[in-house]
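Scroll down for the structure; my scribbles are underneath it.
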Amino acid sequence: MKYWLMKSEPTVFSFDDLKGRPGSTDSWEGVRNYQARNYMRDEMKAGDLVLFYHSNCEVPGVAGIAEVVRTAYPDHTSWNPVSMYYDPKSTPQNPRWFMVDVRWKEAFNRYVTLTDMRSRPELMKMKVLQKGQRLSVQPVSEEEFDTVCRMGRGLEGG
DNA sequence: GCCAACGTTGGC
DNA sequence: GCCAACGTTGGC
């Protein structure tokens, strides 16, 4: 099993929005970066766990855990001219972009802010904390995942 | 709103 | 294939 961090702007699609979807499940559409796409398309599997990260907001941080429930399939918004994610180079015959389905799993007792994570030496190598990185889909080590979960569940101070 | 850090585009 | 210009991300 692998662990991931996925970013979403809460004003566009929040962790609570995911919970409110039918079956608390939705497709992760709109990824338009090749490295992020490759992670989703080539490495994500059903059962993988995801830190749901709120980006570009007043207090960025991890709201809770989601689970991958469907492996990658073509992102149909990419060939929809009306979609904000439209890419004329992607077609149903030759899709360029992919998405997975994720299901809401667990809300943290405490929202784990970016500042909280920066205070943890064991998270020093976590990608989301590295300067200049902006991948919206990132692999997370098991230790990093467990640490963030403990922080979010309030089992540790800080 | 600012702006550093990236990624993409396109002329050459 | 280089690289300047441009667009986007996302913390602050």
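Values below: all heavy atoms of this structure, side chains included; hydrogens, waters and symmetry mates excluded. A, B, ... follow the sequence lines: proteins, then strands. Residue 1 opens every chain.
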Practice problem: Check whether any side-chain nitrogen or oxygen of A/Lys89 sits under 4.0 Å from OP1 or OP2 of B/dT9, and answer yes or no. | Solution: yes
Quiz item: If you draw the axis of the six-membered ring of A/Trp97, does the NZ or CZ of A/Arg37 fall within 45° of it and under 6.0 Å from the ring centre?
Solution: yes
Practice problem: Take atom CG of A/Leu114 and atom C1' of C/dT9, then tell me their distance rounded to the nearest Å. | Solution: 14 Å
Quiz item: Rounded to the Å, how far apart are A/Met84 CE and C/dT8 C1'?
Solution: 12 Å
Exercise. Please answer whether the main-chain N or O of A/Asp87 pairs with a side-chain N or O of A/Ser78 as donor and acceptor at a distance below 3.5 Å.
Key: no
Exercise. Run the numbers on A/Asp116 and A/Ser119 for side-chain hydrogen bond (donor to acceptor under 3.5 Å, both in side chains), then give the verdict.
Key: CA-CA 5 Å; A/Asp116 291 337; A/Ser119 73; 5.5 Å; no
Exercise. Return no unless some side-chain N or O of A/Lys7 is found under 4.0 Å from OP1 or OP2 of C/dG10.
Key: yes
Quiz prompt | Under-4.0 Å side-chain N/O to phosphate OP1/OP2 contact, A/Tyr53 with C/dG11 | solution = yes
Exercise. Starting from C1' on C/dG11, measure out to CG on A/Asp116 and report it in whole angstrom.
Key: 15 Å
Quiz item: For A/Gln35 and B/dG7, what is the distance between atoms CD and P respectively, to the nearest whole Å?
Solution: 7 Å
Quiz item: Expressed in angstrom and rounded to an integer, what is the separation of A/Lys127 atom NZ from C/dG10 atom P?
Solution: 15 Å
Quiz item: A/Gln138 has an atom CD; how far is it from atom P of B/dC6, in whole Å?
Solution: 13 Å
Quiz item: CD of A/Gln133 versus P of B/dA5: gap in Å, rounded?
Solution: 13 Å
Practice problem: Could you check A/Arg134 against A/Asn56 and say which one's nearest nucleotide on DNA chain B is further toward the 5' end? | Solution: A/Asn56
Quiz item: Roughly, in whole Å, what's the span from CZ in A/Arg96 to C1' in B/dT8?
Solution: 11 Å
Self-check item: Expected output: side-chain A/Glu106 to main-chain A/Gly64 donor-acceptor under 3.5 Å
Solution: no
